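For reference, the structure discussed in these notes is given below.
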Amino acid sequence: MLEFAQAPQSNRRTLFVDVILPLAISRNYTYRVPFEMNDHIAIGKRVVVQFGKSRLYTAIVAGVGELAPEKYEAKYIIEILDNKPIVTERQLQFWHWVAEYYMCNEGEVMNAALPSALKLASETKVTLNKEYEFDKTLLNDKEFMITEALDLQPELTISDIVKLLGQKTVMPVLKSLFEKNIIHISEEVSERFKPRRKTFITLHPSYNNQDNLRELFEILERRAPKQADAVLAFIKLSRQQKTVTKAELIEDSGAGDGSIRALIDKEVFIAEERAISRLRYDEDEEAISTFTLSDVQQTALEDIQNQFASKDVVLLHGVTASGKTQVYIRLIEAVIATGKQVLYLLPEIALTTHIIERLRIYFGGSIGVYHSRFNDNERVEVWQKVLQGEYKVILGARSSVFLPFQDLGLIIVDEEHETSYKQYDPAPRYNARDAAVYLANMHKGKVLLGSATPSFETYYNARTNKYGLVELNERYGGVQLPLIEVVSIAAETKQKTMQSHFTSVLIADVQQAIENKEQVILFQNRRGYAPVLMCRVCAYTPKCINCDVSLTFHKHTGKLHCHYCGYKEDSPSICPACGSTHLEYKGFGTEKVEDELSVLMPDARLARMDLDTTRSRNSLQNILNDLEDKKIDVLVGTQMVAKGLDFADVTVIGIINADSLLKYPDYRANERSFQMLAQVSGRAGRRGKQGKVVIQTYDPSHRVIRQVIENDYADLYSTELEERKGFNYPPFYRIINIDIKHQNPEILYNQAEYLANELRKHFGERVIGPEAPLINRIRNYYIKSIMLKFERENTSMAKAKALIRETITQFQTTKLSKGSIVQPDVDPY
DNA sequence: AGCACGCCGACT
DNA sequence: GTCGGCGTGCTC
């Protein structure tokens with residue numbers, strides 16, 4: 001519970017606050033501050049407010065004023081949760097920008113920004129008021145149940161009570177119990193995030209004396225050999241590391257908890273329980289960085305620093321394995337030396353222990369890590385430490401742009417072209433790379449974008465001098481680029497040398513690699529076994545009942561899965577339409593590749609890495625560990641294998657079917673394919689050995705494949721750019737997509753036509769569509785897309801967005817709009 | 001987002 | 001004749 005200092009009685013001002021609620025509602029709401037909280041209210045603090053009939057929410061104070069709302073009576077704030085603001089004013093300004101730029105609500109931004117533990121009103125704790133006697137017979141059933149439960153368990157959370165009563169609206173009951181003075185309601189922020197505690201063991205100082213120690217051993221070895229083992233293990237461990245925990249000691253010595261306790265009782269060991277950070281880092285690794293940059297790296301580093309003098313954003317265009325990370329480390333060191341913070345953004349998938357450990361070696365305890373595989377307590381801990389300036393460097397995925405930085409000197413966006421920087425569902429549909437540019441600007445800091453295959457938008461900005469540009473064209477340590485061999489599937493099919501989906505060339509290379517005890521990665525950008533099941537007699541294809549997609553067969557479940565809504569059904573053995581038993585699997589995914597390879601190479605150790613095998617918390621790390629420990633010969637996977645894999649013994653990469661990438665119906669398909677292929681290829685071969693990439697395709701002469709072989713990004717860029725120019729696409733134009741959804745396709749048609757026409761009144765030819773997207777129904781909602789293209793030059797996007805917003809709002813007030821969902825997506829991917 | 005108020009089908 | 005389905009609108 002917060003204590004409220006006695007406010008001076010003369011201070012009879014009435015304060016009102018505007019709060020952001022964690023909901024998708026379009027404005028902020030005004031609450032009245034109870035007089036006694038006047039001295040404690042502040043922007044950026046969390047408050048508990050009642051919103052609607054019975055719901056309590058954690059809201060963020062976005063403004064404080066003295067003006068009473070005229071049209072309604074403001075409700076009172078129930079409680080202030082923080083002694084100090086947990087959101088900075090700069091963050092609120094950032095939230096506001098994100099909401100404006102990406103056309104969503106501040107509440108939605110708040111939801112994406114705050115770890116949920118900081119906004120759970122339902123974690124509020126309820127305890128009995130022990131000083132108060134009451135007559136249980138006067139209570140109603142529900143009140144009685146709660147007090148009974150509190151007799152058994154001293155503390156209940158709101159969610160416990162929801163479960164207990166089996167209903168969601170528990171606030172009225174609690175309110176009545178509270179008013180009867182029977183319970184306390186508290187939100188103990190500081191206690192909610194229990195620090196992790198561990199027992200540390202030290203040796204009693206008297207055993208620093210060798211004679212005493214020897215004597216101890218003699219006694220123990222005779223009477224309690226397990227205890228002797230424990231002491232021995234302690235001595236060994238304490239030589240290797242500064243601190244020894246009880247758990248480590250038990251594990252290392254093989255002695256039981258009892259033996260350790262006996263030694264503690266004998267005062268041989270001293271036990272001390274200490275809070276430790278959940279975010280482990282080994283204190284012993286305070287090693288100082290000793291690597292030296294190559295001349296090329298050094299030049300790049302100086303070049304970047306020079307360009308920062310005149311440019312806020314610099315693109316580091318460096319080929320794979322050119323040692324960008326080392327350049328980053330030097331840059332980070334330089335920035336934190338000035339006392340400022342650094343944010344190092346990486347795509348989620350690349351945030352492996354590998355890179356984390358590597359950076360911890362240099363930055364020890366001043367580096368924090370933030371990504372979605374962290375649980376909520378860990379995230380709150382990072383939040384607090386960033387807020388207090390304890391962390392100087394944050395290594396994180398896209399959502400870490402929302403951390404409460406104090407003074408950001410630099411943001412590094414590695415692999416800036418990655419589409420995973422863009423969030424699509426739910427809103428805010430933001431791109432962390434672009435948001436980072438704004439964020440850095442607010443802090444008067446710099447941004448370094450890094451990529452081997454920059455996005456065209458970024459490269460365009462660099463070429464037109466909006467961004468600085470530094471090139472790093474040499475692989476670090478003289479590692480050669482991989483040899484790329486393109487193999488025609490058509491030709492091998494004709495020669496009958498294909499074995500299922502593998503060409504003879506790929507098979508030979510895989511076998512050779514396994515013989516050499518090297519590793520292989522096979523890339524197939526589709527998960528599951530077969531994406532389509534088709535009846536050979538009547539051509540019937542099972543489709544999802546909720547979406548407009550055919551169902552993918554998954555062998556491990558034996559079911560047909562929908563990759564859009566998660567629907568599953570049993571795979572039929574006879575055609576449901578004509579009764580034929582001739583059902584055929586068309587196409588293939590990672591599961592089938594793995595399956596067929598296991599038949600062709602029964603002795604090879606195979607593993608698969610895709611969404612299905614990495615869903616649980618540690619499974620990704622397990623696969624990576626197995627790969628590192630060389631327990632895997634061949635890894636089959638989707639795009640995941642292109643990212644975050646960095647293993648020295650992978651010498652062969654196989655692209656099972658490049659056409660699936662190249663044929664994608666999207667104006668970015670070529671850009672994407674190049675990025676994908678270049679990135680996967682970059683995984684092949686490291687120090688000392690040239691790697692090999694086998695690209696299997698029906699179209700070996702495809703322009704993009706040629707550009708990949710020649711590693712000619714510049715050529716790709718110039719050819720693609722011409723086409724983009726012709727069709728008014730980025731980087732020359734900015735796109736805003738408006739998806740409109742409805743359960744009824746006819747109503748949707750009318751709604752989409754109406755909305756598009758309204759938009760045309762303002763934007764004319766810039767409005768394209770409505771068109772049905774490739775998949776025109778997902779989760780029972782039909783979809784139409786309206787695309788708006790705006791010239792990059794001389795367009796006020798702020799004004800355009802305001803007009804779009806206005807048009808949508810106007811549409812939503814018409815009867816026609818009933819039942820529709822309108823979702824703007826700014827700079828879509 | 002949640003919840004209430006409000007208008008049409010299968011039950012005591 | 002009521003209980004209850006979920007469709008729309010409001011929440012400071």
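The chains referred to below are lettered A, B, ... by the order of the sequence lines, with proteins before strands, and numbering in each begins at 1. Small disclaimer: the values here were computed from a predicted structure and weren't measured.
The pair R46(A)-D82(A) counts as a salt bridge, with a side-chain nitrogen and a carboxylate oxygen less than 4.0 angstrom apart.
Side-chain atoms of D827(A) and N431(A) include no donor-acceptor pair closer than 3.5 Å. Judged by distance alone, the side chains of D739(A) and S785(A) do bring a donor and an acceptor atom under 3.5 Å apart.
Regarding L56(A), its CG atom lies at a distance of 19 Å from the P atom of dA1(B), rounded to whole Å. Residue N28(A) contributes atom CG, which lies 17 Å from atom P of dA1(B) at whole-angstrom precision.
Put simply, chain A comes within 4.0 Å of DNA chain C, heavy atom to any atom, from dT8(C) to dC12(C), going 5' to 3'.
For Y430(A) and F402(A), the ring centers sit closer than 6.0 Å to each other. Under the 6.0 Å cut-off for aromatic ring centres, F763(A) and F790(A) qualify, their centroids lying closer than that.
Among the heavy atoms of the strands lying under 4.0 Å from R27(A) is at least one base atom, whether or not backbone atoms are also near. Counting any heavy atom pair closer than 4.0 Å across all strands shown, Y72(A) reaches a base atom. Counting non-hydrogen atoms under 4.0 angstrom, I25(A) reaches a base of the nucleic acid. K818(A) comes within 4.0 angstrom of the backbone, heavy atoms only, and of no base.
Sequence neighbours left out, the pairs with a member in residues 800-829 of chain A that pass ring pair (Phe, Tyr, Trp, His ring centres under 6.0 Å) are Y754(A)-F811(A).
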